[in-house]
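For reference, the structure discussed in these notes is given below.
Scope of the values below: all heavy atoms of this structure, side chains included, with no hydrogens, waters or symmetry mates. Order of listing sets the numbers, starting from 1, for every ligand and every atom in it.
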Amino acid sequence: MDKQNIVLVGFMGTGKTRTAQLLASQLSMDYVGIDDEIERREKMSINDIFRLKGESFFRKVEKEMVAFFSSGAGQVIDCGGGVVLDPENMRELGQSGHIFCLWADPAEIYRRVKDSPHRPLLNVEDPVEKIKQLLEERKEFYLKARFQVDTTGLSPLETVGEIRRILDVDGRQ
Ligand code: S3P
């Protein structure tokens, strides 16, 4: 394995965090969670940042974190679902390593996120409809990642296996 980063992007609830943690441990790489780093720096939960400082402030800090960790190596970088919306984020992450986008169908996404406290964007009356709408709006951005993995029906361990298989076939080109 080279020392390039492995970057996971994709919608909320597609399994990025668990998959990134397992992948980092299997490959002896460092796990970096961009959301965790934002919370650590701001000393505030994602929910509170959205509530008290607003989404655009969150996106600004997120962008700084992406730039910082893109300059490191040997990391599995677990990105929040909106990282893809900024083309500079994608350019920097792409230069730093292999970008994988994880997918899942809306019903499975809902099942995975419904009890989660840190998805302020889904605190709405009809979260499934919101998931469908955001997925549709963001599809073109997620499709910019070089590698695409559908995790519907896959456990995080199986997703790790799929990513490693792709890296073995394509990753060193
Ligand atoms: C967001 C996804 C979240 C978190 C924030 C915004 C988004 O991360 O960054 O709530 O815009 O899709 P996860 O994808 O890890 O849930």
Which residue holds the protein heavy atom closest to atom 4 (C) of ligand 1, what is that atom called, and what is the gap in Å?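 Residue, atom and distance for the closest contact: D35 OD2, 3.2 Å.
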
What protein heavy atom sits nearest atom 16 (O) of ligand 1, and how far away is it?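 It is R119 NE, 2.6 Å.
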
Below 3.5 Å, N or O to N or O, backbone or side chain included: is there any such pair between G81 and ligand 1?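 Indeed, backbone or side chain, G81 has an N or O that close.
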
Test of understanding: given a 4.0 Å heavy-atom threshold, classify the contact between [X] and ligand 1 as side chain, backbone, both, or neither.
{"X": "R59", "result": "side chain"}
{"X": "I46", "result": "side chain"}
{"X": "I34", "result": "neither"}

Taking only heavy atoms of [X], which atoms of ligand 1 are found under 4.0 Å from at least one of them?
{"X": "L121", "answer": "7 (C), 11 (O)"}
{"X": "P120", "answer": "10 (O)"}
{"X": "H118", "answer": "10 (O)"}
{"X": "K16", "answer": "13 (P), 14 (O), 15 (O)"}
{"X": "G80", "answer": "8 (O), 9 (O), 14 (O)"}

Should R138 be listed as contacting ligand 1, given a heavy-atom distance under 4.0 Å as the test?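 True for this residue.
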
Can you tell me if E39 has a non-hydrogen atom under 4.0 Å from ligand 1?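 Outside the 4.0 Å threshold, so no.
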
Give every residue pair that meets the side-chain hydrogen bond (donor to acceptor under 3.5 Å, both in side chains) criterion with at least one member in residues 6-17, sequence neighbours excluded.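 Every pair satisfying side-chain hydrogen bond (donor to acceptor under 3.5 Å, both in side chains) with a residue in residues 6-17: T17-D78.
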
Keeping the roles fixed (side chain from N5, backbone from G72), state whether a donor-acceptor pair exists under 3.5 Å.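 Answer holds: yes.
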
With the threshold set at 4.0 Å, does a side-chain nitrogen-carboxylate oxygen contact exist between [X] and [Y]?
{"X": "E37", "Y": "R41", "value": "no"}
{"X": "E55", "Y": "R59", "value": "yes"}
{"X": "R51", "Y": "D48", "value": "yes"}

Assess, by modelled atom type and distance only, whether the side chains of Q133 and E137 contain a donor and an acceptor separated by less than 3.5 Å.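 A donor-acceptor contact under 3.5 Å links the two side chains.
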
Within the 3.5 Å criterion, strictly below it, is a donor on D150 or T152 matched to an acceptor on the partner's side chain?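 Yes, a side-chain donor-acceptor pair sits under 3.5 Å.
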
For the residue pair F11 and Y142, does the interplanar ring angle fall in the parallel (under 30°), tilted (30 to 60°) or perpendicular (over 60°) class?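 Ring orientation, 0 to 90° scale: perpendicular.
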
Return the set of residues passing salt bridge (Lys or Arg N to Asp or Glu O under 4.0 Å) with D30 (not counting sequence neighbours), or none when no residue passes.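 Scan of D30 (salt bridge (Lys or Arg N to Asp or Glu O under 4.0 Å), adjacent residues dropped) gives none.
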
